Each structure stands twice: as C-alpha cells, then as structure tokens.
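Worksheet for the structure shown next.
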Amino acid sequence: FFFKQKTAYEMQRGLVGSEMCIRDSKSYIIITARVHAAETAGSYKVQGLISFLLSKNPIAYSLRQHHIFLIFPMLNPDGVILGNNRYSLGGYDLNRCYNSPRKSKHPSVYALKELLKKITIAGHTIHVYCDLHGHSKQHNSFIYACHNVSNASLSSWTKTRLLPRIMAKKCALFDYHQCSFKVESDKQSTARVIIWKEFMVSNSFTLETSMYAYRLDQEIVRFTEREYSGIGETLMLALYEYQTILWQLQKEIKGSKGWLRPIHLQELAGTPASDILKQAIEEDKEEGRKRERRERLKLKIHPIKKVELI
C-alpha cells in the first residue's frame, strides 16, 4: 500500500516541479481520465485519442501543430490498483475536491491544479479541458458541460454547445439529447465546473460513456473496446472541426455578443448521426410494412383455393 501511495505523491512532485509542459504560444488541450477508479471506459477512450494523435492522419498532424496536448490517463492510480469503485487510497472522491485540493490527501488533483495555474499565469490559453468518465446508469455517450461560457462579455453559451453538437454529428453512439449544460449544486467541486469557473475555460467538459451499452433503435447493444476507442478518436475529429467552424464564426459571434440562433447553430454543426440512423431504421421499417401490405393485398386478389380431397 505504501508503494502505491508513493506513486501518487511522485506524480504530484513531478508535475508541480516541472516546467517542460509550459512553452511556446500554442493553446493547451487538457485530457484526464480514471479519476474514478472503476470507470474503465475512460482508459479505452484515452487509448483511442492517443492512437489517433500519434497517427499520420493529416487532421492529427494539424491538431499537433496548433495545440499542446497534456493527457493524464489515470488520475487515481492507487484506487485502480486497489480495485476501488470511485475512491482513492485515502477514501476520497477525487472528483469532488477540485475547489480546494490538499497536497496530503489529494496529491494528483493538487498537482494538476497547480500545473493549470502555472499555464494560465504564464499567459497561455487552455482551449479545452475534457474529463473522461464511464456512466453506470445511462446508455450511450454524452457530455456534461456548463450552462454558459466563462467570459460572457466576449461570447456566449454558443461555444459550450458547439463541440457536443459536432460530436453528435460524427458519432451515432453519442446522443446530444442526453447532454446537460446545468451546474448542479452537488457538482460545484467537480473538475469541469472548477476549471470552467476558476480558469475561465469555456470548453470544460465531462465526456461520459455508458459502462455497459448504447441504444440502437429499440435494441440495447453492449459497447466493445473498439467502440470506446472510437469515441476517443471522434473527440479529436470534433475538436478539429470545432476550431474550423469557430474561425468562420468569429465575426458573427463578436457582432452578436456571442449569440447565435439555435437553428443556425444546428445548421452549422450538422444533423446528429443518431438521428440520421434512426431515420434510416424507420424508413427500413416502413418499407417492410409496405411489403407486408402488398403481400396481404396479393393474397386478397388471388385467394388460395381449398382443394377437396377425394
């Protein structure tokens, strides 16, 4: 137990004492996972996004050129080693202490927050923060965000909804209708809320994915490792498109003080892939019902005659 506890403290010392991550003028994208030990879906999503970022894909190259990625695949290594559900070695829920983490009790969260302070003090921009989780009750994949942006004088709630909409367009397993932009009272000390509030990060998200399954029409389908990894890759693709659309919208956003009509936002982001899939399934069902009606009509036109046996 002592060795595993020391691992978390070593993580804290290494991050707080290092300046190697704070350099040049690129904006930062921060990804964290496994703050809750048993949410293994987060690890597969991290694997997917890292594999994509290290690939030769032109989009991955562009993301690397424009951003610095700081990825923390496991914020709660002690809890993972011990087989805990949510808690750390000390019995703490590490996603409920971001408002005031203590170095002795929450070393990894303390170290992360200190690093974010150094990044912002140095004048760098945190473009996106995303915490990867697994959900034990809901199906599909979806995002928890904050109800407006951190600097309302420059933009609006538009930004917080744009990335989830792009995710929905690109991935049928991601359900925009399940996304929530509220900040509940019991979530005030979570990573996404504190980083949004204290570090003025408009795009501060929790990316949730069911620990079990997604809905495909009326069917419940179990997630595979490949599908979890695919959601991580989709997040990177969505970030690239988000930046592209945002550049196009800058003039309009400034002119309207950040407000975009919801219908315009939907037009820009595109139709959710799940809606397209549902429509296709419904069309197939309707075609099947039409065939059945035609077959019944044929039977009425050409009724089967009974043959009497002699």
Side-chain angles (χ1 to χ4, degrees), residues 27-77 80 95 112 126-136 138-145 160 162-176 178-179 190-192 195 201 203-216 221-244 269-270 272-274 277:
S27 62
Y28 283 75
I29 294 177
I30 316 292
I31 307 290
T32 58
R34 295 300 287 276
V35 69
H36 292 148
E39 295 175 4
T40 53
S43 290
Y44 292 115
K45 288 185 284 187
V46 165
Q47 181 180 355
L49 68 87
I50 290 177
S51 296
F52 178 76
L53 282 175
L54 296 179
S55 72
K56 296 180 179 180
N57 189 297
I59 292 178
Y61 176 78
S62 178
L63 288 170
R64 296 195 304 267
Q65 289 296 105
H66 290 92
H67 306 288
I68 295 173
F69 286 84
L70 299 183
I71 302 173
F72 304 90
M74 193 173 290
L75 281 180
N76 185 5
V80 171
N95 200 33
L112 174 62
I126 300 175
H127 183 52
V128 173
Y129 170 76
C130 190
D131 194 17
L132 308 181
H133 283 250
H135 206 287
S136 61
Q138 301 288 342
H139 295 116
N140 307 319
S141 186
F142 51 94
I143 273 177
Y144 290 140
T160 65
L162 182 55
L163 184 64
R165 282 194 175 275
I166 296 172
M167 282 282 292
K169 180 185 72 172
K170 292 186 171 296
C171 181
L173 308 183
F174 184 95
D175 189 350
Y176 181 79
Q178 288 180 249
C179 295
T190 60
R192 69 174 171 95
I195 291 174
V201 179
N203 296 310
S204 184
F205 303 114
T206 300
L207 176 57
E208 295 276 3
T209 306
S210 171
M211 293 286 288
Y212 177 58
Y214 56 91
R215 286 186 176 275
L216 186 61
V221 183
R222 290 183 63 182
F223 268 106
T224 64
E225 295 176 9
R226 185 174 181 179
E227 287 166 338
Y228 282 133
S229 298
I231 291 172
E233 180 177 333
T234 300
L235 176 61
M236 296 297 100
L237 294 170
L239 283 172
Y240 174 80
E241 186 168 335
Y242 169 84
Q243 189 62 64
T244 303
S274 60
L277 180 60

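This structure is a prediction, so every number in the text was calculated from the model and none was measured.
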Does Q138 offer a backbone N or O that forms a donor-acceptor pair with the side chain of S210 under 3.5 Å? yes

Rounded to the nearest 0.5 Å, what separation is found between the NZ atom of K170 and the CG atom of L235? 11.5 Å

Applying side-chain contact (heavy atoms from CB on, under 4.5 Å) to H139 and not counting sequence neighbours gives A213, R215, I220

Is there a side-chain contact between I195 and D131 in this structure, where contact means two heavy atoms from C-beta onward sitting under 4.5 Å apart? no

Roughly how far, to the nearest 0.5 Å, is SG of C130 from CG of L163? 7.5 Å

Anything under 30° is parallel, anything over 60° is perpendicular, the rest tilted; go ahead and classify F142 against H135. tilted

Taking side-chain hydrogen bond (donor to acceptor under 3.5 Å, both in side chains) as the definition, give me every residue that meets it alongside Y129, ordered by chain and number, with sequence neighbours left out. T32

Smallest heavy-atom separation, Y212 atom then Y228 atom, equals N-OH, 3.8 Å

Spatial distance of atom CG (L49) from atom CE (M236) [nearest 0.5 Å]: 4.5 Å

Qualifying residues under side-chain contact (heavy atoms from CB on, under 4.5 Å), relative to E233, sequence neighbours excluded: F52, L237

Between the side chain of R192 and the main-chain N/O of A145, is any donor-acceptor distance below 3.5 Å? yes

Could you tell me which residues satisfy side-chain hydrogen bond (donor to acceptor under 3.5 Å, both in side chains) with T206, sequence neighbours excluded, listed by chain and number? none

Separation between CZ of R165 and CD1 of I143, rounded to the nearest 0.5 Å: 12.5 Å

How far apart are the closest heavy atoms of S204 and A191, and which atoms are they? OG-O, 4.3 Å

According to the side chain to side chain donor-acceptor pair (under 3.5 Å) rule, which pairs have a member within residues 37-48, sequence neighbours left out? R34-S43, H36-E39, E39-H133, Y44-E225, K45-T209

Sequence-distant partners of F174, ring-ring contact (aromatic ring centres under 6.0 Å, His included), two or more places apart: none

Separation of I68 CD1 from Y28 OH (nearest 0.5 Å): 3.5 Å

For I50, enumerate each residue passing the side-chain contact (heavy atoms from CB on, under 4.5 Å) test, keeping only those at least two apart in sequence or located in another chain. V46, L54, I71

H66, Q243, H67 screened by side-chain hydrogen bond (donor to acceptor under 3.5 Å, both in side chains) with S27, the one that passes: H67

How close do F72 and L75 get, counting heavy atoms only, and between which atoms? CB-CD2, 4.1 Å

Measure the shortest side-chain to side-chain distance between F223 and I231 over non-hydrogen atoms and say whether it is less than 4.5 angstrom. yes

Residues forming a salt bridge (charged side-chain N to carboxylate O under 4.0 Å, His left out) with E227, sequence neighbours excluded: none

Could you give the side-chain donor-acceptor pairs of residues 56-65 under 3.5 Å, partners two or more places apart or in another chain?
unit_1	atom_1	unit_2	atom_2	d
N57	OD1	I59	N	2.8
R64	NH1	L53	O	2.4
R64	NH1	S55	O	3.2

Partner set under side-chain contact (heavy atoms from CB on, under 4.5 Å) for N203, not counting sequence neighbours: V128, K159, F205, Y242

Partners meeting side-chain hydrogen bond (donor to acceptor under 3.5 Å, both in side chains) with N140 (sequence neighbours left out): Q178

